[in-house]
Number of protein chains: 2
Amino acid sequence: MNLKELAQKLGLSPTTVSRALNGYPEVSESTRARVMAAAKRHNYRPNTRAIRLATGRAMAIGHVIPTASRHEIMNPVFADFIAGAGETYARNGYDLILSIVPDDDEDRVYRELHARGTVDGIIVHGPRLNDPRLRLLDDIGFPYVVHGRATGTVTPYSWLDVNNRRAFRRATEFLLDFGHRRIALINGLEFMDFAIRRRTGYLEALAARGIAPDPDLMSSEEMTELRGYRAACDRLGRDAPPTAFLVSSMISGLGVRRAIEERGLRLGSDISVIIHDDALSYLPNGEDVPIYTATRSSVREAGRQAAEMLLDIIAHPASAPQQRLLEAELIIGQSTGPVPAPRRS
Amino acid sequence: MNLKELAQKLGLSPTTVSRALNGYPEVSESTRARVMAAAKRHNYRPNTRAIRLATGRAMAIGHVIPTASRHEIMNPVFADFIAGAGETYARNGYDLILSIVPDDDEDRVYRELHARGTVDGIIVHGPRLNDPRLRLLDDIGFPYVVHGRATGTVTPYSWLDVNNRRAFRRATEFLLDFGHRRIALINGLEFMDFAIRRRTGYLEALAARGIAPDPDLMSSEEMTELRGYRAACDRLGRDAPPTAFLVSSMISGLGVRRAIEERGLRLGSDISVIIHDDALSYLPNGEDVPIYTATRSSVREAGRQAAEMLLDIIAHPASAPQQRLLEAELIIGQSTGPVPAPRRS
DNA sequence: AATCAACTTCAAACCGCTTTGGACAGGCAA
DNA sequence: TTGCCTGTCCAAAGCGGTTTGAAGTTGATT
């Protein structure tokens with residue numbers, strides 16, 4: 001059942017039927033009602049492909065996920081971010097197109113997506129220091145919103161980010177307030193922008209108390225359980241082990257906890273741990289009481305908001321770039337406590 | 001730059017240009033070369049929307065992810081499965097459209113996707129016992145492939161699944177061979193088909209050795225770290241605790257391990273654990289030596305193959321439904337060992 | 001009664017490609 | 001020479017909607 005057939009059945013022109021269904025005013029209410037009823041009865045659904053060609057809009061947003069060439073792995077936060085964004089798209093009649101792309105091929109994909117008119121705009125994932133993608137997108141005039149930021153980019157662009165710097169600064173201060181002085185940072189890969197900012201926050205907090213950072217206490221790894229475990233083992237095995245860990249992800253945090261408990265130490269009393277919690281649905285930080293003290297910011301909510309921002313930009317192409325900085329909560333769980341009194345031995 | 005303009009520049013008709021670019025034979029090799037060169041020079045990209053309307057194909061596949069109404073959470077294996085499928089689509093010029101849908105709305109979405117011609121086929125995720133979706137899809141004549149199976153469905157349909165039953169049977173037998181008799185099963189939610197099959201495999205192995213299953217040793221939960229932890233704590237706190245755990249996911253397995261180590265027990269020597277490892281990229285089971293003994297099957301590879309199957313079905317609509325059963329490997333890690341001698345006390 | 005504006009409705013063009021059904025030229029067989 | 005292929009190329013008709021420009025109706029105004 002297409003528009004022409006429906007129009008024929010109604011004894012109307014396609015024009016009128018189209019307008020009736022799309023709420024245009026130049027159609028009498030009586031025929032509109034008649035058309036609506038007929039459309040429902042024959043469960044008419046306008047063909048997406050025809051609409052897209054006729055209107056010149058793709059009614060779709062692209063998410064380009066760079067994948068494993070060397071460094072990257074399929075990042076688990078994508079799933080929740082995309083779930084959030086997907087909700088927004090669904091509400092607005094947009095489709096979500098997902099491109100999994102080897103990251104040396106990303107440029108080509110952006111260009112194609114734009115030139116072929118497959119999508120109306122894109123979300124940029126995993127921004128890095130001086131990310132060259134933003135330049136490219138600006139050049140070809142492709143609407144986009146960055147999830148995160150790309151330090152070093154001077155021209156204004158649209159982004160939505162968590163205040164990673166402040167979150168990690170606050171977390172560090174919280175540990176310092178408990179008397180911790182040797183705080184290990186188990187960070188993500190530090191060519192990623194978020195990781196850079198988190199380290200900055202950590203260093204700022206230390207500097208503000210006049211504590212010199214110890215390079216041996218800082219590590220930058222992929223955020224897997226195993227890497228977290230290894231990094232923690234390494235730190236704990238040294239002469240002057242840390243009394244606290246600040247960990248960039250829940251998943252690495254599981255590994256850190258394993259390393260700690262394997263040594264017979266107790267989380268929260270012997271050693272403190274703060275993680276960053278993206279509020280992933282399958283990794284809840286406890287049910288009523290949080291297990292970990294954490295800087296928390298829902299990546300799903302970020303997805304929702306980034307999508308809204310992008311749709312707004314697409315609807316108002318002339319408007320200035322938009323930015324939104326979300327603050328992470330610092331939630332207190334059972335994994336932090338005062339520095340234990342040094343053992344007499 | 002569109003086809004008409006390009007044709008004009010070349011002094012050819014759109015017909016010829018189109019045919020030259022699409023490799024049709026009724027075009028001389030010399031003009032074909034000329035056209036190709038011009039297309040590259042002006043970097044002409046045919047408009048996706050026009051192609052789709054003209055050919056009547058969407059060149060896109062839908063993945064419908066049901067989401068949190070009550071039971072479900074955003075399943076972490078989706079990310080890897082979709083990454084795998086995405087590779088296949090990219091190779092074949094298809095787009096991947098992701099729909100995040102509250103699961104009471106799933107039917108409507110399938111119907112729309114089909115009636116509006118947004119996608120050419122779909123992958124069904126998370127099949128359940130007697131899943132009503134398959135019936136719906138058959139009724140509206142929508143090509144699909146199920147990731148998993150739906151026990152109870154009598155009409156043949158296309159699916160790709162891991163042999164969950166055999167995997168868990170083998171894993172159970174492996175534990176039995178080590179002398180374990182009290183083996184706890186920490187399963188996923190048992191209205192999901194895969195979980196049902198895993199339990200069946202577990203029960204079969206017990207039955208084959210004449211061991212009566214103990215309901216207290218079986219649990220069915222969402223597969224999160226916390227649930228795994230709780231379930232394990234519960235089992236370990238009883239009078240006759242299990243000497244081994246069979247766990248349906250890596251993530252729950254992390255929780256089980258935590259429960260075990262928290263009690264000062266050693267994984268592999270005091271208590272054995274086998275998990276199912278979907279080979280998620282961000283949850284590697286060790287690097288060289290596997291940490292867990294595991295039934296392993298790459299969900300990413302499953303995604304690749306399911307996508308291939310679906311594209312084949314779309315290309316040959318008249319062909320019979322296809323099925324593929326992947327066998328999981330049983331890989332031996334450090335988390336299993338013989339039953340420890342009972343402590344004298 | 002004539003004029004005009006407001007309402008409705010429609011025919012046709014258009015979006016940018018694919019595909020059908022020729023048209024034309026050159027080569028070869030009859 | 002005529003007829004028939006074969007090889008190239010093209011005009012035009014879709015695909016299924018939206019949108020422009022115009023036309024026909026009505027009712028009110030002058």
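Residue numbering restarts at 1 for every chain, and letters A, B, ... go by the order of the sequence lines.
In this structure, A/Gly117 reaches neither bases nor backbone, as no heavy-atom distance under 4.0 Å exists between it and the strands shown.
The C1' atoms of five pairs define one axis at each end of the helix from C/dA1-D/dT30 to C/dA30-D/dT1, and these two axes lie 70° apart (to 10°).
Listed by first and then second residue, the salt bridge (Lys or Arg N to Asp or Glu O under 4.0 Å) pairs involving residues 5-19 of chain B amount to none (not counting sequence neighbours). Among pairs with a residue in residues 108-134 of chain B, those fulfilling ring pair (Phe, Tyr, Trp, His ring centres under 6.0 Å) read B/His63-B/His125, B/Phe78-B/His125, B/Phe81-B/His125, B/His114-B/Phe142, at least two apart in sequence or across chains. Listed by first and then second residue, the salt bridge (Lys or Arg N to Asp or Glu O under 4.0 Å) pairs involving residues 305-318 of chain B are B/Arg91-B/Glu308 (not counting sequence neighbours). Among pairs with a residue in residues 10-58 of chain B, none fulfils ring pair (Phe, Tyr, Trp, His ring centres under 6.0 Å), at least two apart in sequence or across chains.
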Stepwise side chain to side chain donor-acceptor pair (under 3.5 Å) check, B/Tyr282 with B/Asp80 = CA-CA 9 Å; B/Tyr282 56 93; B/Asp80 264 57; 5.7 Å; no

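Scanning for side-chain contact (heavy atoms from CB on, under 4.5 Å) contacts around B/Ala115 gives A/Arg45, with sequence neighbours left out. Every residue meeting the side-chain contact (heavy atoms from CB on, under 4.5 Å) condition with B/Ile97, not counting sequence neighbours, appears here in chain and number order: A/Asp95, A/Ile97, B/Ala60, B/Thr118, B/Val119. By the side-chain contact (heavy atoms from CB on, under 4.5 Å) test, A/Arg324 pairs with A/Leu160, A/Gln305, A/Met309, A/Leu326, sequence neighbours left out. Residues satisfying the side-chain contact (heavy atoms from CB on, under 4.5 Å) test with A/Ala150, not counting sequence neighbours, are A/Pro127, A/Asp131, A/Leu134, A/Thr153, A/Tyr157. For the side-chain hydrogen bond (donor to acceptor under 3.5 Å, both in side chains) test, residues two or more places apart in sequence or in another chain that qualify with B/Thr151 are B/Asp193, B/Arg197.
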Base-contact (B) and sugar-phosphate-only (S) positions in nucleotides 17-28 of chain C, heavy-atom cut-off under 4.0 Å, - elsewhere = BBBBB-------

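Note that the first and last nucleotides of DNA chain D, 5' to 3', having any atom under 4.0 angstrom from a heavy atom of chain A are D/dG16 to D/dG21.
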